[in-house]
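As a basis for the values below, the full set of heavy atoms in this structure was taken, side chains included, without hydrogen atoms, waters or symmetry mates. Counting starts at 1 for both ligands and their atoms, following the listed order.
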Amino acid sequence: MISNIVLTGFMGTGKSSVGKELSKIRGMTFVDTDDEIAKRYGPIDKIFGDHGEEYFRECERLIVRQVASLSAVVIATGGGAVLDPRNVEVLSDSGEIFCLVASPKEIVKRLTKDKGIKIRPLLISENPFGAIHELLADRQNIYEQFAQFETGGKSPLEIALKINAVINDKN
Ligand code: S3P
């Protein structure tokens with residue numbers, strides 16, 4: 001039996017909305033590392049602005065360790081959390097990691113719809129599409145180490161049901 005379920009993947013791939021659906025299906029508590037960071041340290045864009053990315057990653061590492069110590073939770077990570085192998089280690093020790101994927105076009109569409117680009121410091125650029133392409137290419141090898149779920153054209157509930165079926169097959 002796996003204890004926690006961890007959802008990772010690039011910004012705008014739907015980790016939080018899928019995670020909430022999955023937590024309902026499985027009767028587990030949903031935790032979002034970005035929300036926990038914001039609760040403890042303040043808004044993410046302000047952390048980046050005031051202290052830089054390295055400091056943000058330190059906050060993220062502490063929160064990842066904390067949420068990974070919980071049990072029976074569905075964890076949605078920030079898209080960059082798995083760039084740090086120490087986070088991957090604690091998260092995989094705590095449960096199973098699934099990665100949500102979407103095309104750059106879909107990501108831009110989703111993030112533009114909810115003004116998500118403005119609150120994501122790594123995407124603030126004259127050319128957010130280019131920034132997304134570049135970051136995705138840099139991170140491809142990292143995301144590929146996890147079971148991947150394509151999210152394009154599917155609802156969060158559909159994706160959650162798919163992941164749930166995979167988990168049920170394994171147990
Ligand atoms: C980041 C993703 C964001 C947030 C921060 C950095 C990243 O979370 O943690 O802006 O490096 O991919 P979401 O993936 O929830 O947008």
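- In Glu53, neither the side chain nor the backbone holds a heavy atom less than 4.0 Å from any atom of ligand 1.
- Considering both main-chain and side-chain atoms, Gly78 never comes within under 3.5 Å of ligand 1 through any nitrogen or oxygen pair.
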Where do Thr77 and Thr8 land on the side chain to side chain donor-acceptor pair (under 3.5 Å) test, with the steps shown first? CA-CA 5 Å; Thr77 75; Thr8 192; 3.0 Å; yes
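- With ligand atoms numbered from 1 in the order given, ligand 1 contributes 3 (C), 4 (C), 8 (O), 9 (O), 13 (P), 15 (O) to contacts under 4.0 Å with heavy atoms of Asp34.
- Note: His133 and Phe129 have perpendicular aromatic rings, judged against thresholds of 30 and 60 degrees for the angle between ring planes.
- With ligand atoms numbered from 1 in the order given, ligand 1 contributes 1 (C), 7 (C), 11 (O), 12 (O) to contacts under 4.0 Å with heavy atoms of Gly80.
- Set against the non-hydrogen atoms of Leu122, the atoms of ligand 1 under 4.0 Å away are 7 (C), 11 (O).
- Checked by distance only, ligand 1 and Phe48 stay at 3.5 Å or farther apart across all their nitrogen or oxygen atoms.
- For Arg40, there are no salt bridge (charged side-chain N to carboxylate O under 4.0 Å, His left out) partners at least two apart in sequence or on another chain.
- Ile124 and Leu136 end up in different hydrophobic clusters when Ile, Leu, Val, Met, Phe, Trp and Tyr side chains are linked at under 4.5 Å.
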Check the pair Glu144 / Gln140 against side chain to side chain donor-acceptor pair (under 3.5 Å), numbers first and verdict last. CA-CA 6 Å; Glu144 270 175 5; Gln140 196 175 347; 3.0 Å; yes
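- In this structure, Arg139 counts as a contact residue of ligand 1, since one of its heavy atoms falls inside 4.0 Å of the ligand.
- If you check which protein heavy atom lies closest to atom 16 (O) of ligand 1, you get Arg120 NE, 2.6 Å.
- Pairs of residues two or more places apart, or lying in two chains, that qualify as side chain to side chain donor-acceptor pair (under 3.5 Å) and include a residue from residues 10-23 are Ser16-Asp32.
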